[in-house]
Amino acid sequence: MANQLQFENSPYLKQHAHNPVDWMPWGAEALKKAKDENKLIIVSIGYSACHWCHVMERESFENSAIAQTMNKFFVSIKIDREERPDIDQVYMLAVQLMTNAGGWPLNCICLPDGRPIYGGTYFKPHDWQNILLQIAQMWEEKPEVALDYANKLTSGIQRAEKLPINPIPEQYTTKDLEEIIGPWSETFDKKEGGYTRAPKFPLPNNWSFFLKYAVLTGDQAILDHVHFTLKKIGSGGIYDQIGGGFARYSVDHYWHIPHFEKMLYDNGQLLSLYAEAYQQNKDPFYKRIIEETAIWIEREMLAPNHGFYSALDADSEGIEGKYSFFKS
């Protein structure tokens, strides 16, 4: 039997319409139900192209035992972050303050008034069930613990959201930029490009900033690393060597194994970045990447009504990257 998400417009919410979880969309009805029944709220946020959202749905939200726990002790709310980025931002900040990390699926357990008390991203089924049962027991036996933590976390969120208003200097100097670039450049991966960490995200705004800085200041070392990084990205598996366009990130250090979803906003920014790199260095490699990516966007992301689709799902027929492998 379908839950309330069957009446929503969002493809992501409709994907969860037949879960055994009694999902409700975000709104006055769900929040009133939580307050009237004095139940904690599960706020679960994702989007239709999110691979790990699909994994957690299959493992946990389609699990009848876990659904029974969620239905008994909680009011469960599903949110499409592409519909409600404002709500996503609030709970993402809360999870980042709690865990020093973020991402999707984003799962927050909240007081009946919506204030978060626990959260994270993807949880394995056993861990999710264990967390739910422990927090439900705490709410029943020691609600003051949850209330106290919610107050502290809400205060932290409010402080984090305060705008850091500083006097605008009369002018920025090269020294100001060097103080930013110096520590940042220490994290450069000299062997594989980008930064020394995995997973590796393309981060086009960062490399655009480095490119402009290097050109303005004549910093050849920074300029070389920008071009080295763009060549590594464009030559790796994160770039679709057959169809064009960039995957969201690489799961390894080498830009080799992509997380297969493709986001419109990533590709738009990367298109601009490679165009800026081509302006600085007329390398035909950049020209090819630009042309192939533009063709891919027009071919696969342009809708019949001349709008654009926001993303391509990582999963095809339930398999991540099913049509994205080829053998040389």
With heavy-atom distances below 4.5 Å as the criterion, would you say the side chains of [X] and [Y] are in contact?
X	Y	result
Phe209	Ile181	yes
Met98	Leu153	yes
Leu223	Phe210	no
Ile117	Cys110	no
Ser185	Ile222	yes

How about [X] and [Y]: does a side-chain donor come under 3.5 Å of a side-chain acceptor?
X	Y	value
Asn63	Trp128	no
Asp219	Thr217	no
Gln220	Asp224	yes
His227	Gln280	yes
Tyr249	Glu261	no
His54	Asp313	yes

Is there a donor-acceptor pair under 3.5 Å between the side chain of [X] and the backbone N or O of [Y]?
X	Y	result
Asp176	Thr173	yes
Thr293	Ile290	no
Gln137	Gln134	no
Asn267	Met263	yes
Gln241	Gly234	yes
Asn3	Val21	yes

For residues [X] and [Y], report the shortest heavy-atom separation together with the two atoms involved.
X	Y	answer
Ile77	Ala30	CD1-CB, 3.7 Å
Tyr309	Pro304	OH-CD, 3.4 Å
Pro116	Cys108	CB-SG, 4.1 Å
Trp255	Gly194	CZ2-CA, 3.9 Å
Asn71	Asp22	OD1-N, 2.8 Å
Ala146	Met138	CB-CE, 3.7 Å

Cation-pi geometry met for Lys78 and Trp23 (6.0 Å, 45°):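 The answer is yes, since Lys78 meets both limits relative to Trp23.
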
Please determine if [X] and [Y] form a salt bridge, counting it only when a charged side-chain N lies under 4.0 Å from a carboxylate O.
X	Y	answer
Arg84	Asp80	no
Lys200	Glu192	no
Asp189	Arg197	no

Does one hydrophobic cluster hold both [X] and [Y], with members joined at side-chain heavy-atom distances below 4.5 Å?
X	Y	result
Phe228	Leu211	no
Ile295	Leu302	no
Val43	Leu31	yes
Ile297	Tyr265	yes
Ile233	Tyr254	no

Taking atom [atom1] of [X] as the centre, does the number of heavy atoms from other residues, nucleotides or ligands within less than 6.0 Å exceed 12?
X	atom1	value
Glu140	CD	no
Lys175	NZ	no
Glu29	CD	no
Gln68	CD	no
Glu141	CD	yes
Asn100	CG	no
His259	NE2	yes

Got a sec, which residues hit salt bridge (charged side-chain N to carboxylate O under 4.0 Å, His left out) with Lys142, two or more places apart in sequence or on another chain?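 Partners of Lys142 under the salt bridge (charged side-chain N to carboxylate O under 4.0 Å, His left out) test: none.
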
May I have the step-by-step check of side-chain hydrogen bond (donor to acceptor under 3.5 Å, both in side chains) for Gln15 and Ser48, ending in yes or no? CA-CA 8 Å; Gln15 287 170 4; Ser48 61; 5.0 Å; no

For [X] and [Y], take the angle between the two ring planes, folded into 0 to 90°, and tell me which bin it lands in: parallel under 30, tilted 30 to 60, perpendicular over 60.
X	Y	value
Trp207	Phe188	tilted
Tyr12	His16	perpendicular
Tyr286	Tyr274	perpendicular

Go through the steps to decide whether Arg115 and Asn151 satisfy the test side-chain hydrogen bond (donor to acceptor under 3.5 Å, both in side chains), and finish with yes or no. CA-CA 8 Å; Arg115 289 182 294 160; Asn151 290 333; 2.5 Å; yes

Go through Glu82 and Ser310 one step at a time and tell me if the side-chain hydrogen bond (donor to acceptor under 3.5 Å, both in side chains) criterion holds. CA-CA 9 Å; Glu82 294 180 324; Ser310 62; 3.0 Å; yes

Full working for side-chain contact (heavy atoms from CB on, under 4.5 Å) between Ile42 and Leu132: CA-CA 9 Å; Ile42 295 171; Leu132 295 177; 3.7 Å; yes

Sole residue of Arg299, Lys262, Arg248 in salt bridge (charged side-chain N to carboxylate O under 4.0 Å, His left out) with Asp240: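 Exactly one option meets the salt bridge (charged side-chain N to carboxylate O under 4.0 Å, His left out) with Asp240, and it is Lys262.
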
Which pairs, with at least one residue in residues 62-99 and sequence neighbours excluded, count as a ring pair (Phe, Tyr, Trp, His ring centres under 6.0 Å)?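 Residue pairs with at least one partner in residues 62-99: there are none.
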
Apply side-chain contact (heavy atoms from CB on, under 4.5 Å) to residues Val145 and Trp139 and explain how you reach the verdict. CA-CA 8 Å; Val145 174; Trp139 181 242; over 6 Å; no

Test side-chain hydrogen bond (donor to acceptor under 3.5 Å, both in side chains) applied to Asn206 and Tyr195, step by step: CA-CA 11 Å; Asn206 291 12; Tyr195 301 106; 3.1 Å; yes

